[in-house]
Every structure is written in structure tokens, then in C-alpha cells.
S.K.: 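What follows is a single structure, and I will ask about it in a moment.
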Amino acid sequence: MCDALATSGEHVPPKCFFPEKKDLPYGIDLRKNLLKVPSCDDHNSKKSNDDEYFLYILSGSFQINEVGRNLYRTKVRRSIKRNSSILGKIASTATQVNFKYPETEKTVKSVAHELDPSRFNTIIDRLGRAIYFYHFKEKWTYSIKYQAEFLFATVNQSDEANSRLKEITRQADDWFLDAPHYGENPEVFKYQALEVESLRKMRLHFYEGCKILLIFDYQP
């Protein structure tokens with residue numbers, strides 16, 4: 001995206017999202033044919049802290065599968081021991097909440113964290129452009145609209161916000177019902193892509209339960 005010389009291949013999503021063989025049962029490999037896009041060394045190396053931040057957000061979600069939970073118990077915990085600063089920033093905003101599952105209406109006690117919106121937006125924007133380039137073989141230079149379907153509001157009109165999110169997810173389920181999935185390690189990551197006239201949409205799936213809807217239109 002920066003037009004500098006591509007000197008490396010950047011994994012999208014980051015390689016750290018995929019469990020190492022030592023953390024998996026014998027014979028299981030979840031790092032097969034990972035997706036890559038061309039990158040300059042400068043931008044590739046500077047995003048490692050953001051990659052960890054996003055991994056912590058995903059691995060703390062109640063919606064991830066057993067692969068994601070095992071990744072938290074192994075790789076993420078080792079990372080926390082080496083460098084707890086990122087987790088510390090997330091944990092500093094922790095508050096106890098009563099959470100209602102949208103699908104079952106069951107209420108449980110849990111912990112909510114406040115995201116850094118600017119940082120999160122940057123991460124999703126960068127990821128969206130990379131996946132778009134990988135799939136459509138061209139750069140996207142306009143804005144990207146997105147909805148992180150796994151994030152729920154806990155304060156300030158949370159019921160209304162979560163109802164809107166539930167409706168967006170229902171709509172996305174309809175849009176992508178028959179769309180193929182791409183990615184050779186679907187337990188960790190897979191994506192779908194649609195093109196209707198001049199509008200393109202993508203849906204990213206992390207650890208099966210954490211989904212992000214991306215909409216690419218030509219409005220500035």
C-alpha cells in the first residue's frame with residue numbers, strides 16, 4: 001500500500017494467530033499454506049505489537065472454538081509471561097458485567113474490556129486491505145466499512161446497540177449463505193467474498209466464532 005519495494009511476504013492474518021505444532025496433537029498442522037501479501041520490511045516489522053493486541057482481543061472472546069481456547073492456554077500465556085504490557089493495558093479497563101448471549105438470551109457473569117478504538121480501527125483497516133489484495137489481486141485505496149460481529153456493547157444503550165449488531169449478523173448470514181470459504185486452516189481462519197455489481201463484501205472468520213464483516217464501496 002505504501003508503494004515501497006516489496007522485500008518480504010506478510011502473513012494475513014498474522015502467523016502468530018496459527019498454533020505451533022508443539023501446541024497441537026501429534027500430526028496436526030494448522031499452518032498449511034498461510035496467506036501472504038507483498039510487504040516492505042519497515043511496515044511488516046512495525047506491526048508486531050498490534051498483531052499481539054488483536055490476538056489478545058480474539059483469544060479473550062467467549063465465541064472462539066477449542067483451537068482458539070487452546071491457543072490462549074499455550075502461546076498467548078507464554079507471550080504474556082514475556083511481555084505483559086499489552087495485556088495490562090487491556091486488563092486495566094476490565095469491569096464485571098452480566099452478559100446475555102444473543103442467541104439463547106442466557107445471562108452469565110463475565111468481564112468486559114474497553115477497546116482502543118483508534119488502534120482497533122487501524123488493525124482492521126490494514127487487515128481488510130491485505131485480504132482484499134490477496135483475493136482480488138488489486139489494491140483498495142478507498143475507505144472500508146466494517147462491523148466486528150463478535151464485539152458487544154455493555155454500557156450506554158447496550159441493548160439497542162446489541163440488537164442492531166444481531167440484525168447485522170443475521171443480514172450477513174443471508175448474504176454469505178452460499179458463498180464459498182477460502183483458507184486451508186479454517187479452524188483458525190477462513191474468509192468469504194462477494195461481488196454484486198460494483199460493491200464488494202468480505203466476511204472474515206477467526207476461530208470459527210469471531211466474525212468481521214467488511215464492505216468496500218467507492219464512497220470517499
S.K.: So, do Tyr53 and Asp116 sit near enough that their side-chain heavy atoms are less than 4.5 Å apart?
M.R.: yes
S.K.: Nearest heavy-atom pair of Phe133 and Pro38: which atoms, and what distance?
M.R.: CE2-CD, 3.7 Å
S.K.: Please report the shortest heavy-atom distance between Gln192 and Pro180, naming the atom on each side.
M.R.: CG-O, 3.3 Å
S.K.: Among Gln147, Lys211, Glu149, exactly one meets side chain to side chain donor-acceptor pair (under 3.5 Å) together with Thr169. Which residue is that?
M.R.: Glu149
S.K.: Could you give me the CA-CA distance, side-chain angles and deciding distance for Phe18 and Phe189, then say whether side chain to side chain contact (heavy atoms under 4.5 Å, CB included) is met?
M.R.: CA-CA 8 Å; Phe18 298 82; Phe189 175 76; 4.1 Å; yes
S.K.: So Tyr182 and His135, would you call those rings parallel, tilted or perpendicular, with 30° and 60° as cut-offs?
M.R.: perpendicular
S.K.: Regarding Tyr207 and Ser59, is there a side-chain donor-to-acceptor distance under 3.5 Å anywhere?
M.R.: no
S.K.: Can a side-chain donor-acceptor contact be found between Tyr132 and Glu138 if the only test is distance below 3.5 angstrom?
M.R.: yes
S.K.: Starting at CZ of Arg31, measure out to CZ of Phe17 and round the result to the nearest 0.5 Å.
M.R.: 12.0 Å
S.K.: Do Asn185 side-chain atoms and Val188 backbone N/O form a donor-acceptor pair below 3.5 Å?
M.R.: no
S.K.: Are Ile215 and Leu204 linked, directly or through intermediate hydrophobic residues, by side-chain heavy-atom contacts shorter than 4.5 Å (ILVMFWY only)?
M.R.: no
S.K.: Just to verify, what does Lys139 make a salt bridge (charged side-chain N to carboxylate O under 4.0 Å, His left out) with, not counting sequence neighbours?
M.R.: Asp3
S.K.: Is a salt bridge present between Arg73 and Glu66, judged by a nitrogen-to-oxygen distance below 4.0 Å?
M.R.: yes
S.K.: Ile144 vs Phe216, test: side chain to side chain contact (heavy atoms under 4.5 Å, CB included). Steps then yes/no.
M.R.: CA-CA 5 Å; Ile144 302 174; Phe216 303 85; 3.7 Å; yes
S.K.: Would you find a donor on one side and an acceptor on the other, under 3.5 Å apart, between the side chain of Arg203 and the backbone of Ile212?
M.R.: no
S.K.: Under the 3.5 angstrom rule, does the side chain of Asp51 hit a backbone N or O of Cys16 as a donor-acceptor pair?
M.R.: no
S.K.: Testing the basics here: between Arg69 and Phe62, what is the closest heavy-atom pair and its distance to 0.1 Å?
M.R.: NH1-O, 4.5 Å
S.K.: Please work out which of the three classes, parallel, tilted or perpendicular, describes the rings of Phe54 and Phe120, given edges at 30° and 60°.
M.R.: perpendicular
S.K.: With heavy-atom distances below 4.5 Å as the criterion, would you say the side chains of Gln63 and Glu208 are in contact?
M.R.: no
S.K.: Is it true that Glu10 and His43 share a donor-acceptor pair across their side chains at a distance under 3.5 Å?
M.R.: no
S.K.: Which atom names give the shortest non-hydrogen contact between Pro14 and Lys47, and what distance separates them?
M.R.: CG-NZ, 4.0 Å
S.K.: Determine, using the 4.5 Å side-chain heavy-atom cutoff (strictly less than), whether Tyr191 and Leu213 are members of one ILVMFWY cluster.
M.R.: no
S.K.: Please determine whether residues Leu194 and Leu127 belong to a single hydrophobic cluster, defined as Ile, Leu, Val, Met, Phe, Trp and Tyr linked transitively by side-chain heavy-atom distances below 4.5 Å.
M.R.: no
S.K.: Distance-only, no hydrogens or angles: does the Arg129 side chain make a donor-acceptor pair with backbone N or O of Trp140 under 3.5 Å?
M.R.: yes
S.K.: Check whether NZ of the Lys or CZ of the Arg Arg200 lies under 6.0 Å from the centre of the six-membered ring of Phe136 and within 45 degrees of that ring's axis.
M.R.: yes
S.K.: Going through the distances and angles, do Cys40 and Ser8 end up as a side chain to side chain contact (heavy atoms under 4.5 Å, CB included)?
M.R.: CA-CA 6 Å; Cys40 69; Ser8 62; over 6 Å; no
S.K.: Any carboxylate oxygen within less than 4.0 angstrom of a Lys/Arg side-chain nitrogen, looking at Arg119 and Asp50?
M.R.: yes
S.K.: As a test of understanding, state which of Asp29, Asn70, Leu71 forms a side chain to side chain contact (heavy atoms under 4.5 Å, CB included) with Pro19.
M.R.: Leu71
S.K.: Please check if Tyr142 and Leu199 belong to a single hydrophobic cluster, counting links between Ile, Leu, Val, Met, Phe, Trp and Tyr side chain heavy atoms closer than 4.5 Å.
M.R.: no
S.K.: Treat each ILVMFWY residue as a node, draw an edge where side-chain heavy atoms are under 4.5 Å apart, and state whether Tyr72 and Leu24 are in one component.
M.R.: yes
S.K.: Using salt bridge (charged side-chain N to carboxylate O under 4.0 Å, His left out) as the criterion, list what pairs up with Glu167, not counting sequence neighbours.
M.R.: Arg170
S.K.: With the side chain counted from C-beta on, respond yes when Leu35 and His11 share a heavy-atom pair under 4.5 Å apart, and no when they do not.
M.R.: no
S.K.: How long is the span from the CE atom in Met1 to the CG atom in Asp125, to the nearest 0.5 Å?
M.R.: 8.0 Å
S.K.: Given side chains that start at C-beta, do those of Thr7 and Asn44 come closer than 4.5 Å, heavy atoms only?
M.R.: no
S.K.: Check whether more than 12 heavy atoms from other residues, nucleotides or ligands sit under 6.0 Å from atom NZ of Lys32, and answer yes or no.
M.R.: yes
S.K.: Is the shortest side-chain heavy-atom distance between Leu165 and Ser163 below 4.5 Å?
M.R.: no
S.K.: Give a yes or no answer on whether the side chain of Ser79 reaches the backbone of Lys75 with a donor-acceptor pair at less than 3.5 Å.
M.R.: no
S.K.: Does a side chain donor of either Tyr146 or Asn121 reach within less than 3.5 Å of an acceptor in the other side chain?
M.R.: yes
S.K.: Using a strict cut-off of less than 4.0 Å between a Lys/Arg side-chain nitrogen and an Asp/Glu carboxylate oxygen, indicate whether Arg78 and Glu20 qualify as a salt bridge.
M.R.: yes
S.K.: Taking the side chain as C-beta and beyond, is there a heavy-atom pair between Phe206 and Ile64 under 4.5 Å?
M.R.: no
S.K.: Show your working on side chain to side chain contact (heavy atoms under 4.5 Å, CB included) between Phe150 and Ile57 and close with a plain yes or no.
M.R.: CA-CA 10 Å; Phe150 63 96; Ile57 296 298; 4.1 Å; yes
S.K.: Does the ring of Tyr134 carry Lys137 above it, NZ/CZ under 6.0 angstrom from centre and within 45° of its axis?
M.R.: yes
